2 protein chains.
Amino acid sequence: MALASENLTKNQKTVLDILENSSEPLKAYTILFDIQKKGIKSPLQVYRALDKLIEIGKVHKIESRNSYVACKHEGCNAKTSTSFLICENCDSVTELTGNNLFSYFSKQAEKNNFNYKKHNLEIFGLCENCKLKN
Amino acid sequence: MALASENLTKNQKTVLDILENSSEPLKAYTILFDIQKKGIKSPLQVYRALDKLIEIGKVHKIESRNSYVACKHEGCNAKTSTSFLICENCDSVTELTGNNLFSYFSKQAEKNNFNYKKHNLEIFGLCENCKLKN
DNA sequence: ATTGTAATGTTATAATATAACATTTTAAGT
DNA sequence: ACTTAAAATGTTATATTATAACATTACAAT
């Protein structure tokens, strides 16, 4: 069985490629404008590729910004839960990994008799680079 | 000095009122349709009221759902950072409080040389009621 | 009273995302 | 190889969410 990333279709590869080569998250219509020369003509083609890439964990959505970012972790298992550090100055994004977040949130949820399934965490502030400059 | 909530204008009060009487988060256009009889005719009037209510901490936005929820905590200081438990079955929302989240996230950020400013956390799962039913 | 800030009302439009449907490609079993 | 069912595609239209621009009004602080 091949890796999911090897089974990508043309549109999916095109969208993933532009996300992987971006230093910050991209919006769907930014992606669309950037790849129209590659045969993608409608928003739906972009959204469908994004949906699939999100489903297999190669791309995550930054909800608060309606943006999409390629996952840099090999075999990322954050297909549902995601945790990000988002720089308010340069818009760069770092993904937090590790299961301690999962167990921490499970406990927080339990306190409220809530059954944890998944989460989305967005931490805003200044990244290392921008901290030094400002 | 009066409470911020006592200084609300007519539109702001109208929007806050409908949110406070809802058992789940509402979307901006749902609010608009529900209060057109009260003199609010355009989306912008709703969004402006929401912006102000969010600014003073009476309302929070659920980013992943483009919805808005009234804050139930007196003098809520979550003007910027928010943490929610969101039931995937009934869409009810519970806001997490307490500063332990803040300190926990600060530490997580520090590990990545990131300067924490604020956060948005959305935990999805089943609330107590729905847990029992399913 | 004056005056500056905030809020309002209104029209138009931008930005984000999905519906519907006909067609083509792909992968898996036989 | 052929069949076939699932997935992906292409295309047009439209739904949903949010803001721009600008003229006017309310109102609190000097």
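Side chains are part of it too, since the values below use all heavy atoms of this structure and drop only hydrogens, waters and symmetry mates. Below, read A as the first sequence line, B as the second, and so on, with proteins coming before strands; counting in each chain starts at 1. Keep in mind the model is a prediction, meaning the values are calculated, not measured.
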**Prompt:** Just by distance, with hydrogens left out, do Glu122(B) and His119(A) show a side-chain donor and acceptor under 3.5 Å apart?
**Reply:** no
**Whole-Å distance separating the CD atom of Glu63(B) from the C1' atom of dT17(D)** = 12 Å
**Prompt:** Do Tyr29(A) and dA14(C) have a side chain to base donor-acceptor pair shorter than 3.5 Å?
**Reply:** no
**Request:** Return the value, rounded to whole Å, for the distance between atom CD of Gln45(B) and atom P of dA6(C).
**Result:** 19 Å
**Request:** In whole angstrom, give the distance that lies between atom CG of Leu32(B) and atom C1' of dG9(C).
**Result:** 13 Å
**Prompt:** At under 4.0 Å, does any side-chain N or O of Asn66(B) touch on OP1 or OP2 of dA18(D)?
**Reply:** yes
**Prompt:** If you measure only the distance, is there a donor-acceptor pair under 3.5 Å linking the side chains of Asn120(B) and Thr82(B)?
**Reply:** yes
**Item:** Euclidean distance, atom CD1 of residue Ile35(A) to atom P of dT9(D) [Å, nearest integer]
**Value:** 11 Å
**Request:** Answer with yes or no whether the hydrophobic clustering places Leu44(B) together with Ile31(B); edges join I, L, V, M, F, W, Y residues whose side-chain heavy atoms lie under 4.5 Å apart.
**Result:** no
**Request:** Indicate whether OP1 or OP2 belonging to dG10(D) is found under 4.0 Å from a side-chain N or O atom of Asn11(A).
**Result:** yes
**Complete:** DNA chain D nearest-nucleotide lookup for Tyr68(B) and Lys10(A): closer to the 5′ end is Lys10(A)
**Message:** Just N and O in the side chain of Lys27(A): are any of them under 4.0 Å from OP1 or OP2 of dT16(C)?
**Reply:** yes
**Request:** Can you tell me the distance, in whole Å, between the CD atom of Gln12(B) and the P atom of dC27(D)?
**Result:** 12 Å
**Prompt:** Of all heavy-atom pairs between Gln45(B) and Asn11(B), which one has the smallest distance, and what is that distance?
**Reply:** NE2-ND2, 4.0 Å
**Request:** Ignoring backbone atoms, establish whether Tyr47(B) has a side-chain N or O less than 4.0 Å from OP1 or OP2 of dA18(D).
**Result:** yes
**Request:** Mind checking Thr9(B) for me? I need base, sugar-phosphate or nothing, with any heavy atom below 4.0 Å counting as a touch.
**Result:** sugar-phosphate
**Prompt:** Nearest nucleotide by nearest heavy atom, which residue falls closer to the 5' end of DNA chain D, Lys41(A) or Arg48(B)?
**Reply:** Lys41(A)
**Prompt:** For Ile56(A) and dA7(D), what is the distance between atoms CD1 and P respectively, to the nearest whole Å?
**Reply:** 14 Å
**Message:** Rounding to an integer number of Å, can you tell me how far Leu50(B) CG sits from dA18(D) C1'?
**Reply:** 11 Å
**Request:** Quickly work out the Leu44(A) CG to dA22(C) P distance and round it to whole Å.
**Result:** 16 Å
**Message:** When you measure from the side-chain N and O atoms of Lys61(B) to the phosphate of dA18(D), is any distance below 4.0 Å, counting only OP1 and OP2?
**Reply:** yes
**Prompt:** Can you name the closest pair of heavy atoms from Cys87(A) and Arg65(A) and give their distance?
**Reply:** O-NH1, 4.2 Å
